[in-house]
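Please find one structure pasted underneath; my questions will follow.
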Amino acid sequence: MTAVTDFIPQAYTQKITQKGQFQWSAPSNIALVKYWGKKEHQIPANPSISFTLNNCKTITTLEFEPKSSDSNDFSFDLFLDGKPKEDFKPKIQKFFERIAVYVPFLKDFHFVISTENTFPHSSGIASSASGMAAMAVNLMSMEKLFNPEMADDYFWKKASFLARLGSGSACRSIKGSVVVWGKSESIKESSDLFGVEFTELIHPNFQQYQDTILLVDKGEKVVSSTVGHELMHNHPYAAQRFEQAHENLAKMKQILKDGNLKKFVELVESEALTLHSMMMTSHPYFILMKPNTLEIINKIWKFRQATDIQVCFTLDAGANVHVLYPENGKEKILQFIKDELIGYCQNQQYICDEIGVGALKLD
Ligand code: DP6
């Protein structure tokens, strides 16, 4: 068992007196069983499981330099695509405040954080998961300078632990290809504190599983995820939903081992619709799907019925649709997407992605 206190470091053996930098990429992820609802300190109300993606990622360079003054504040500049990004700074400030006790060197340095996404920004794709994951692995590279003896297992666990404190789902973006976050009886090593790799043998049906993301609506969401999670407190169906997520995780574990695509489709779509039903039954209630989201869902159902090809959809906290399908159906499904679905996307935009391996060190 790993406890929160295990991530508070002992006295470091090394000092950093020079400036330096690291660069990492971290991908986005797509949940199959959804995280929706949390307790204090970013502890999830239920376990979730996701596919790590490959192409949608954030690349972040972290430059650090020992501070010349003794100021007790965090000191950092932030750039997105080479341009100062003042409106992201409060997020990073809050992240630093949450993790300071676990990475106590933060206040001794000035940082320049330069970040870019491989997907179009304001595409409505969550960049917080990949962004926070990329920050977390950079900070772990830095901690390794202070503690060169650090074991690999600790490096990755703590990276996921830190990422979680930035954004819950970010803890599932450190490793691949399938990650579980949240304590669950069906996954022995699972934890509320960090994501763990799904170590069972995954059926070849899920190898190179495809995710084509249809950009239905790129506008600002009416309700943020943070507010949505909050609304699960005092939600009339919360208790049943959290229990169901545990059951669905156990089912998903079996499906991933057996390679049963029909059952996969059923479970994934049910999870997506349950997530959105939770939103619709919150107080206040809200809807993040758009008319085109429903048009796409109906088209997918029709196509599946007509062809018996096991393609399905899932949704995040937004209107965009993730179309999930096995690699061997790629040609036909992409044709279907081009012929019948992209008309429902803003500017006909979509992104082709697939299962990936997690964060990568680039420098
Ligand atoms: C609907 O991880 O964005 O995508 O922890 O408040 O940052 P915070 O929330 P966030 O929630 C994402 C929820 C979801 C489902 C999921 O990814 O499991």
Side-chain angles (χ1 to χ4, degrees), residues 26-53 56 58 88 90-92 94-95 97-99 123-136 160-174 178-182 184 190 192-196 198 211 213 217 220-233 235 238 241-242 244-246 248-249 252 267-280 282 286-289 293 313-322 324 353:
S28 193
N29 70 76
I30 181 68
L32 307 171
V33 173
K34 307 289 182 180
Y35 149 57
W36 198 244
K38 60 178 160 180
K39 306 175 202 166
E40 242 195 319
H41 307 301
Q42 296 282 101
I43 298 300
N46 66 258
S48 56
I49 184 167
S50 52
F51 281 158
T52 305
L53 296 180
C56 288
T58 299
F88 273 18
K91 254 195 167 167
I92 298 293
K94 195 165 162 198
F95 177 51
E97 284 165 13
R98 280 184 185 166
I99 64 171
S123 57
I125 297 195
S127 58
S128 66
S130 53
M132 288 299 175
M135 275 302 294
S160 177
F161 173 86
L162 295 178
R164 183 194 105 243
L165 293 170
S167 174
S169 56
C171 77
R172 300 188 313 238
S173 274
I174 300 290
V178 180
V179 177
V180 175
W181 169 43
S184 135
S190 60
D192 284 343
L193 301 179
F194 45 82
V196 297
F198 182 79
D211 179 4
I213 307 161
D217 188 67
E220 186 81 1
K221 283 189 272 189
V222 281
V223 176
S224 71
S225 289
T226 308
V227 173
H229 286 293
E230 292 247 318
L231 292 172
M232 287 303 280
H233 295 293
H235 189 292
R241 161 58 196 156
F242 300 148
Q244 181 196 44
H246 281 270
N248 283 351
L249 178 60
M252 186 52 80
L267 193 57
V268 166
E269 291 190 344
S270 161
E271 271 289 320
L273 294 180
T274 301
L275 168 71
H276 283 257
S277 348
M278 289 297 116
M279 298 173 190
M280 289 190 248
S282 298
F286 60 104
I287 300 181
L288 296 184
M289 291 185 286
T293 311
F313 71 85
T314 189
L315 307 167
D316 264 348
N320 295 333
V321 182
H322 289 247
L324 300 180
D353 212 332

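Both ligands and their constituent atoms are indexed starting at 1 by order of listing. We use all heavy atoms of the structure for the numbers below, so side chains are in, but hydrogens, waters and symmetry mates are not. Since this is a predicted model, take the numbers as computed values, not measurements.
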Asp316 neighbourhood, listing ligand 1 atoms whose heavy-atom distance to it stays under 4.0 Å: 4 (O)
Any idea which heavy atoms bring Val180 and Phe198 closest together, and the distance? CG2-CD1, 4.2 Å
Per-atom contacts, ligand 1 versus Ala31 - under 4.0 Å to a heavy atom: 16 (C), 17 (O), 18 (O)
Report the residue from Ser28, Ser48, Ser160 that forms a side-chain hydrogen bond (donor to acceptor under 3.5 Å, both in side chains) with Arg172. Ser48
N/O of Trp36 under 3.5 Å from N/O of ligand 1, yes or no? no
Just to be sure I read this right, does ligand 1 sit under 4.0 Å from the backbone of Ile30, its side chain, both, or neither, counting only heavy atoms? neither
So if I count the atoms of ligand 1 from 1 in the order they appear, which ones are less than 4.0 Å from some heavy atom of Gly168? 2 (O), 5 (O), 7 (O), 8 (P)
Counting heavy atoms only, which of Arg164, His229, Met132 comes nearest to atom 9 (O) of ligand 1? His229
Rounded at 0.5 Å granularity, tell me how far OG in Ser270 sits from CG in Asn248. 6.0 Å
Check whether Arg164 reaches the backbone of Leu193 with its side chain - one donor and one acceptor, N or O, closer than 3.5 Å. yes
Which atoms of ligand 1 are found less than 4.0 Å from any heavy atom of Leu275? 1 (C)
Under 4.0 Å from a heavy atom of Ala317: which atoms of ligand 1 are those, numbered in the order shown and with their elements? 1 (C)
Would you check if the side chain of Lys38 reaches a backbone N or O of Met232 as a donor-acceptor pair within less than 3.5 Å? no
Under 4.0 Å to a heavy atom of Arg172 - the qualifying atoms of ligand 1, by number: 16 (C), 17 (O), 18 (O)
For ligand 1, which atoms have a heavy atom of Lys38 less than 4.0 angstrom away? 5 (O), 6 (O), 8 (P)
Among all residues two or more places apart in sequence or in another chain, which pass the ring-ring contact (aromatic ring centres under 6.0 Å, His included) test with His276? none
Side chain, backbone, both or neither: which part of Ser169 comes within less than 4.0 Å of ligand 1 when only heavy atoms are counted? both
Does the side chain of Leu32 reach to within under 4.5 Å of the side chain of Leu324, using non-hydrogen atoms? yes
Heteroatom distance test (Ser128, ligand 1): nitrogen or oxygen, under 3.5 angstrom: no
Can you check whether Lys34 has an N/O within less than 3.5 Å of an N/O in ligand 1? no
Could you label the plane-to-plane angle of the Tyr35 and Trp181 rings as parallel, tilted or perpendicular, counting under 30° as parallel and over 60° as perpendicular? perpendicular
